[in-house]
Amino acid sequence: MLAAACSRVEQKPVAVNPNKTSPAVVEDPYLWLEETDSAKALDWVKARNAESVKAYGSSPEFDKTRDAILEVMDSDARIPYVSKMGTYYYNFWKDKTNPRGLWRRTTFAEYRKEHPKWETLIDVDALGKTEGVNWVWHGSDCLKPDYRHCLVFLSRGGADASVMREFDLTSKTFVKDGFSLPEAKLQANWIDKDRIYVGTDFGPGSMTKSSYPRIVKEWKRGTPLADATTVYEGKEDDLSISAYRDDTPGFERDFVSRAIDFWSGENFLRGKDNKLTRIDIPLDAASFGTHREWMTVQLRNAWTVGGNTYPSGSLIAIKFDDFMAGKRDFTVLFAPSETTSLAGHSWTRHHLILDTLHDVVSKLEVLTPPLRPGTEWKRAALGGAPALSTISAGGIDADHDDSYFLTVSGFLEPTTLYYGALGQGEAKPLKHSPSFFDASKYRVQQDFATSKDGTRVPYFVIGPKDMKLDGGNPTLLYGYGGFEVSLQPSYSGSVGRAWLDKGGVYALANIRGGGEYGPRWHQAALKANRLRAYEDFAAVAQDLVAKKITSQAHLGAMGGSNGGLLMGNMLTLYPQLWSAIVCQVPLLDMKRYTHLSAGTSWMAEYGDPDKPDDWAFIKTFSPYQNVEKGKKYPPLLFTTSTRDDRVGPHQARKMAARMLEYGNGASFYENIEGGHGAAADNKQAAFMSALGYEYLWTHLK
C-alpha cells in the first residue's frame, strides 16, 4: 500500500532517458529489467517465478494455506459494505463465482436481512469475457439527486490506469455516445447531467512529471473532448490537478484542487465566468472540506491567523461564507496531545463524528454545531469497543439525515457493522463478519519499545495465551511507516489461519513515518530523518527478542510498497535481526525512483535524488545501492506485479537480480496482473498471500 494522491494511471513500458541518469546509474547492469513488457525481462520474470513456485508454492502445505485464505476471501458470510445513493444501497462484491466482481444494489429493508436479494448492475467477469479484456473494477461516480447517470471506471489487469464510460442505472446499460475516455490516468466528476469535470491525457504536455493530469477541463455532452473548456492549468512540476462540485442542495459550490506535491496544495472556489478565488488556508493543510454552511481544516503544521495559533494536528471549523468574507475566528474541534491524534471525521446531516486515536486505540466523539450565534459546539461520546480494538463511524446520507454506520474490529474480534441514527439511541448490530479461526486460544497485548533516540514506539503482539517466553516462537513483524498512514487493530482471517493457527506469533509495529500520533509522528521520519522509521522497527524487533517472545532464529518481517522500502532497509541495515523477510511491491532503488512509474509523486516524502544535497541522505536508505557483495543477508522473497504502474515491478526485479548476482538467497515472484495490489482477484490474492506466509514459515519454524 503506497499512499498516492491519484489512482488511475496508464501502464506503459518504461523508457530509460539517459539525459536524466547520473553517471552512477549508467553503470547499473540491470536497467533492462526496467523495460516492463520486454521479452527479455519477462523471460527473466518467468524463470524466477518458476523457481519460487517450485520451492515454496507447490507443496500440500502451501495448497492448504492458499485454500484456507481463499475461503476467507470468497466467503459469502463476509459483510457486504454498502454506500447509499438515493433509495438504494450499493455494493461491489467478489467471490468464487464472480472473481472480478459484481456491482449491485439493494434496498435497506433487504440489506437488513441475513441474505439480501441483490440487483446486479454490472457483471465485470461477463463484461470482460464479452469484450476480451481482463477488466478490474475501479469504481463509479453517480450524479445526484436521481443517481441515474454514472461514470464507471475500469482497469486492464488492475493497473492504476482506467477507462471511463457512462452508465445508465435505469436501463442498466452503458450509454451509447455517452461520456467516455480511453485508458489513462484520469479523474472525472459530474457537474450536471450534461457536463463533467475531466482531467486526463489531452496530449503532449498535459500530464505532470508525476504522470497525473496537469489540466482540468469542463466537458459538455455531445461535444468533442478537444473542445472542452480549460478550467485550470497546473505546472509540470505539480503533482496533479482536479476539480469537483459540492452538490449539497442549497449549498452548491465548485472547487479546483492543485496538488503541488504530496503534502501541499491549493484549493480554489470556482465562480461564474470561471473566476477562481483561492481559499486562503495553509498550503500544507492536511485536509479541507465543506458541509452545508461549515468549512473544516485539518492542520499539518501550526497556523497563526486572526490573532490565534492553532496547533499541528488540530481540526478547526468556521462558516464557509464568513471565511470567504475575511473572518478568521475558527473553533477548535480537536487538538492533539502527546498520545492522541485525529484519525478521521465524518458528517451526518446535523452532526460531525470525530475518530480519534489514543495510543493507537480509537474512540469516537459526536460534535453538534451551535444552532445560534454565541453558543458553542456540543460534545458527546459515541459507542464503545473492546480493549485494543478499532471503532469507526461514518455518516450514510449527510444531505438528508443523521444515520450512520459504525464498525468495531479487533485482532481477535471479527468485525461487526452497526446501524444507528444520532439522537435516536444506541446503534444496533446489523451485520457480523464470521469467525475464521478460534480466537479463544490467543491474546492481544500492546507494548512499547524504546528507539535509538529514546522515542517510545508502540506495537501490538498477538499470540497464544499459553505462549512460552523461551525465544522459540516463529514471529512475524509487520510494518509500514510512511505517508502518515496508521496501522490499527483489525481482524484478519488470513493472518489467523495462515500464521496464528500454525503456531506463529504476529506483531504489528506503529513506527514513525505513520500517522498514529498525528503529523508529528509522520514528520519525524521525513526525508533526511527517514532512518528514524527503520530504527523504530529495529527497536521493536529487539524488544520482541529481549522479552523472549522470539529470537533472531525465529523472527521474520513483512511489508509492502513503502513498507517494502522498510523491508529493503531491514535487509541492508539490520540483517543480523532477521531469519527471513518478505518484501512486497517495494521501492528499493531510491536513486532512480523518480524516473520510474509514478515515483516523482513522492519526492515530498523521500526527497529528490537528482539533487546532490538530497541524495546525500537518500543514499543512506536506498537498499539497491547499499546491498554489498560478500555480506551475509537473511533469505528474502520479493513479490510484485507486472501491471503495477504506481511503483512498478522494476525495483523488485533489479534488487532480486543484484542479490542473486551477489550469491544471496533471494526469491522472486511477479504476478502478471494486479496493479499495485499485486492481485486482480481473490484467487490471485490468496496465492500471493500464501506464498509470503509459506516462505516465512519455512525459514522461521
Side-chain angles (χ1 to χ4, degrees), residues 56 59 61-62 64-65 68-69 360 387-389 410-413 435-451 457-480 487 489-511 536-559 563 566-567 570-571 574-584 633-637 665 689-701:
Y56 302 102
S59 68
E61 189 62 27
F62 171 83
K64 181 180 177 181
T65 300
I69 294 172
V360 202
L388 303 183
S389 62
F411 292 112
L412 302 178
E413 293 82 27
S435 296
F436 289 108
F437 61 96
D438 182 4
S440 67
K441 298 184 295 184
Y442 307 108
R443 66 183 176 90
V444 180
Q445 65 188 61
Q446 186 182 39
D447 288 314
F448 295 85
T450 301
S451 194
V457 181
Y459 67 95
F460 295 96
V461 177
I462 307 92
K465 287 181 177 178
D466 59 355
M467 179 171 60
K468 294 180 180 180
L469 299 180
D470 60 3
N473 300 295
T475 300
L476 165 55
L477 178 60
Y478 187 88
Y480 186 74
L487 299 184
S490 62
Y491 186 80
S492 171
S494 297
V495 171
R497 289 184 166 195
W499 194 254
L500 297 178
D501 279 354
K502 282 191 172 185
V505 172
Y506 184 80
L508 185 72
N510 301 115
I511 62 178
D536 289 359
F537 198 77
V540 173
Q542 292 162 342
D543 206 50
L544 289 167
V545 172
K547 289 183 168 66
K548 295 187 177 181
I549 292 172
T550 191
S551 60
Q552 182 274 335
H554 302 288
L555 180 59
M558 178 186 286
L566 168 66
M567 294 302 104
M570 289 303 103
L571 179 84
Y574 301 94
Q576 73 281 4
L577 296 181
W578 317 99
S579 279
I581 296 173
V582 173
C583 183
Q584 303 161 315
Y633 293 105
L636 187 146
L637 169 67
S689 182
L691 191 66
Y693 287 124
E694 285 301 299
Y695 186 88
L696 289 170
W697 192 255
T698 298
H699 293 283
L700 304 183
K701 64 184 178 181

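Quick caveat: nothing in here was measured; it's all calculated off a predicted structure. Values below: every heavy atom of this structure, side chains too, minus hydrogens, waters and symmetry copies.
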Between K64 and E694 (salt bridge meaning N to carboxylate O under 4.0 Å), is one present in this structure? no
Got M558 and L696 here, is their nearest side-chain heavy-atom distance under 4.5 Å? yes
Closest non-hydrogen atoms of D543 and A449, given as atom of the first, atom of the second and distance, are CB-CB, 3.8 Å
Among W578, Y478, Y574, which residue meets the ring-ring contact (aromatic ring centres under 6.0 Å, His included) test with F537? W578
Here the pair of heavy atoms bringing A498 nearest to T65 is CB-CG2, 3.8 Å
With sequence neighbours left out, what residues match K701 under salt bridge (charged side-chain N to carboxylate O under 4.0 Å, His left out)? none
Could you walk me through whether Y442 and D501 pass side-chain hydrogen bond (donor to acceptor under 3.5 Å, both in side chains), step by step? CA-CA 10 Å; Y442 307 108; D501 279 354; 2.6 Å; yes
The side chain to side chain contact (heavy atoms under 4.5 Å, CB included) partner of Y459 among V540, V360, I511, L477 is V540
Which pair of non-hydrogen atoms, one from M467 and one from I549, has the smallest distance, and what is that distance? SD-CG2, 4.1 Å
Given the rule in the side-chain contact (heavy atoms from CB on, under 4.5 Å) test, do K502 and E61 qualify, once you have shown the distances and angles that lead to the verdict? CA-CA 11 Å; K502 282 191 172 185; E61 189 62 27; 3.4 Å; yes
State whether the side chain of H554 and the backbone N or O of T475 hold a donor-acceptor pair below 3.5 Å, judged by distance alone. no
Working for side-chain contact (heavy atoms from CB on, under 4.5 Å), residues L476 and W697: CA-CA 9 Å; L476 165 55; W697 192 255; over 6 Å; no
Less than 4.5 Å apart, side chain to side chain, heavy atoms only: is that true for L500 and Y506? yes
Polar contact flag, side-chain donor to acceptor under 3.5 angstrom, S451-D536: yes
Just wondering, do P575 and P634 contact through their side chains at under 4.5 Å, heavy atoms? yes
Could you pull out the closest heavy-atom pair between P458 and Q446, with the gap in Å? CB-NE2, 4.0 Å
Backbone of G556 reached by a side-chain donor or acceptor of S579 within 3.5 Å: no
Run the side-chain contact (heavy atoms from CB on, under 4.5 Å) check on F437 and L412 step by step: do they pass? CA-CA 9 Å; F437 61 96; L412 302 178; 4.0 Å; yes
Which residues pass the ring pair (Phe, Tyr, Trp, His ring centres under 6.0 Å) test with Y56, not counting sequence neighbours? Y695, H699
Please check this pair: side chain of T550 against backbone of N473, looking for a donor-acceptor N/O pair closer than 3.5 Å. yes
Just how far is it from atom CG of L637 to atom CE of M567, taken to the nearest 0.5 Å? 12.5 Å
So does I69 get a backbone contact from the side chain of R497, meaning a donor-acceptor N/O pair under 3.5 Å? no
Side chains of D447 and K547: closer than 4.5 Å at any heavy-atom pair? yes
Within the distance-only criterion (no hydrogens, no angle test), does the side chain of Y491 pair as donor or acceptor with the backbone N or O of S435 below 3.5 angstrom? no
Which atom names give the shortest non-hydrogen contact between A538 and L577, and what distance separates them? CB-CD1, 3.7 Å
Residue pair V505 / W499: nearest heavy atoms and the distance that separates them: O-NE1, 2.8 Å
Is the count of non-hydrogen atoms from other residues, nucleotides or ligands lying under 6.0 Å from K441 atom NZ greater than 12? yes
Check whether any side-chain N or O of S389 sits under 3.5 Å from a backbone N or O of G410 as a donor-acceptor pair, and report yes or no. no
Does the pair N510 and V457 meet the rule for a side-chain contact (heavy atoms from CB on, under 4.5 Å), with working shown? CA-CA 7 Å; N510 301 115; V457 181; 5.6 Å; no
Ignoring hydrogens and angles, state whether a donor on the side chain of S440 or D438 is under 3.5 Å from an acceptor on the partner side chain. yes
